[in-house]
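Report on the following structure.
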Number of protein chains: 2
Amino acid sequence: MARKAEFNMEQFFQALGDNTRLRLLNLMGEQEVCVCYFVEILDAPQPKISRHLAYLRKAGIVSARREGKWMHYRIVMPPHVGAMQILRQTLASLKEEKSMQADLARLTKACCAPAKYALEGAPIPASVTEPCCETC
Amino acid sequence: MARKAEFNMEQFFQALGDNTRLRLLNLMGEQEVCVCYFVEILDAPQPKISRHLAYLRKAGIVSARREGKWMHYRIVMPPHVGAMQILRQTLASLKEEKSMQADLARLTKACCAPAKYALEGAPIPASVTEPCCETC
DNA sequence: CGGTCATATTCGTCAAAGCGTATACATTTC
DNA sequence: GAAATGTATACGCTTTGACGAATATGACCG
């Protein structure tokens, strides 16, 4: 039985071949992140963020979850074993870049949830039940 | 001392985001390969092969060596540690795809050198001194 | 139910990149 | 040096994708 799902390497790498998307993936890392944080931290127009998230979703790299008005995105590991390892290695490499570290630092201090995300590193934190405050 | 060279992740992934280039990289694997073999095995117009090789060269993933009329290309591991591991993992994953295995099989049987490449797996085979025959 | 907020999509534009064809360049051979 | 061979580049065309601006959708709130 062929357990290995059909996986499009070409599309996978194309999805990784954009700096905005790499920044988004770095911000997600192990945790679910609300779109409003992406907009704030990347300091980019909201449609741009949304489009790149849609691109990642179509490539099967992230998944979305709605919670009231807010959308939360998280990384979903590809079924393809090799792609999964590549993605893990990519995330690890991103974390070593200074600009990516700066993004992450801004996430922990962002908006009204300075430590909420930083302290809980669960992959799918149901803990994040209040995604935003009055300013976000 | 910052040993880590400036590396463009975005450009790196863009270079991997094309199936023709993935096929070329798979064919190179550990060994140097002559352009004429690429053209024969991918069954593609020679300018197309040449353009993709130039793209990979600009991205710093392959290097070229001239030998008479013939050009030999080989993979050069990126200075960036993470990128190197990603590239290794990518090559390993490619080898598991049937179409890529078929390409490699055609390389070993290609032209007039059925076993020359298959038997010697040295990374930079100086052994390949006669790259082509009358048909290639 | 109308308004507001968060997010997604559409539209038009522009740059990047893939392709086939033709041509240029480099090397060998005669 | 002229022809032949292997490879690279230029050109025009088409597709893809990134972008900003505008608009649509979906959920909450009064």
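To find a chain, count down the sequence lines: A is the first, B the second, and so on, and within it residues start at 1. Values below: all heavy atoms of this structure, side chains included; hydrogens, waters and symmetry mates excluded.
- Residue contacts for A:Tyr73: at a heavy-atom cut-off of 4.0 Å it reaches the sugar-phosphate backbone alone, with no base atom in range.
- In this structure, the side chain of B:Arg65 does not engage the main chain of B:Glu67 through any donor-acceptor pair within 3.5 Å.
- Side-chain N or O atoms of A:Asn19 include none that pairs as donor or acceptor with a backbone N or O of B:Glu10 at under 3.5 Å.
- Between A:His52 and D:dG17 there is no side-chain polar atom (N or O) within less than 4.0 angstrom of OP1 or OP2.
- Going from atom CZ of B:Arg65 over to atom P of D:dG6 covers 17 Å, rounded to whole Å.
- Cation-pi geometry between B:Arg21 and B:Tyr55 is satisfied (NZ or CZ under 6.0 Å from the ring centre, within 45° of the ring normal).
- A parallel orientation is assigned to the rings of B:Phe13 and A:Phe13, their planes being inclined by less than 30° (bins at 30° and 60°).
- Rounded to whole angstrom, the span from the CD atom of A:Gln14 across to the C1' atom of D:dT16 amounts to 9 Å.
- Looking at the side chain of A:Lys48, the nearest of the listed nucleotides D:dA18, D:dA8, D:dC19 is D:dC19.
- Rounded to a whole Å, the CD1 atom of A:Ile49 is 13 Å from the P atom of D:dA18.
- Two residues, A:Arg51 and B:Gln46, neighbour DNA chain C, and the one matched to the more 5' nucleotide by heavy-atom proximity is A:Arg51.
- Atoms CZ (A:Phe38) and P (C:dA6) sit 16 Å apart, rounded to a whole Å.
- Close to C:dA26, at under 4.0 Å from its OP1 or OP2, lies no side-chain N or O of B:Lys69.
- The side chain of B:Trp70 sits closest to D:dG6 out of D:dG17, D:dG6, C:dT7.
- Among the nucleotides C:dG18, C:dA8, D:dA18, the one closest to the side chain of A:Asp18 is D:dA18.
- Comparing atom distances between the B:Val35 side chain and each of D:dT7, C:dC19, C:dT9 picks out D:dT7 as nearest.
- Contact of B:Arg66 with D:dG6 (side chain to base): no donor-acceptor pair of N or O atoms is detected under 3.5 Å.
- Residue whose closest nucleotide on DNA chain D sits further toward the 5' end, between A:Arg21 and A:Gly68: A:Arg21.
- Considering only side-chain atoms of B:Pro47, the nucleotide from D:dG17, D:dA8, C:dA17 that sits closest is D:dA8.
- If you measure from atom CG of B:Asn19 to atom P of C:dA17, you get 18 Å, rounded to the nearest angstrom.
- One N or O on the side chain of B:Gln14 and one on the backbone of A:Gly17 form a donor-acceptor pair closer than 3.5 Å.
- Listed nucleotides C:dC19, D:dA27, D:dA8 differ in distance to B:Thr20; the shortest reach to its side chain belongs to C:dC19.
- Rounded to whole Å, atom C1' of C:dT7 lies 10 Å from atom CG of A:Leu53.
- Taking side-chain N and O atoms only, A:Tyr55 has no distance below 4.0 Å to OP1 or OP2 of C:dA8.
- Rounding to whole angstrom units, CE of residue A:Met71 and P of C:dC5 are separated by 20 Å.
- Atom NE2 of A:His72 and atom C1' of D:dA27 are 13 Å apart (whole Å).
- Distances from the side chain of B:Pro45 to the nucleotides C:dG20, C:dT7, D:dT9 place C:dG20 closest.
- The nucleotide whose nearest atom lies closest to any side-chain atom of B:Ser50 is, among D:dT7, C:dA17, D:dG17, D:dT7.
- With respect to the salt-bridge test (charged N to carboxylate O, under 4.0 angstrom), the residues B:Lys95 and B:Glu97 do not qualify.
- When the side-chain nitrogen and oxygen atoms of B:Tyr37 are compared with OP1 and OP2 of D:dT7, none of them lie within a distance under 4.0 Å.
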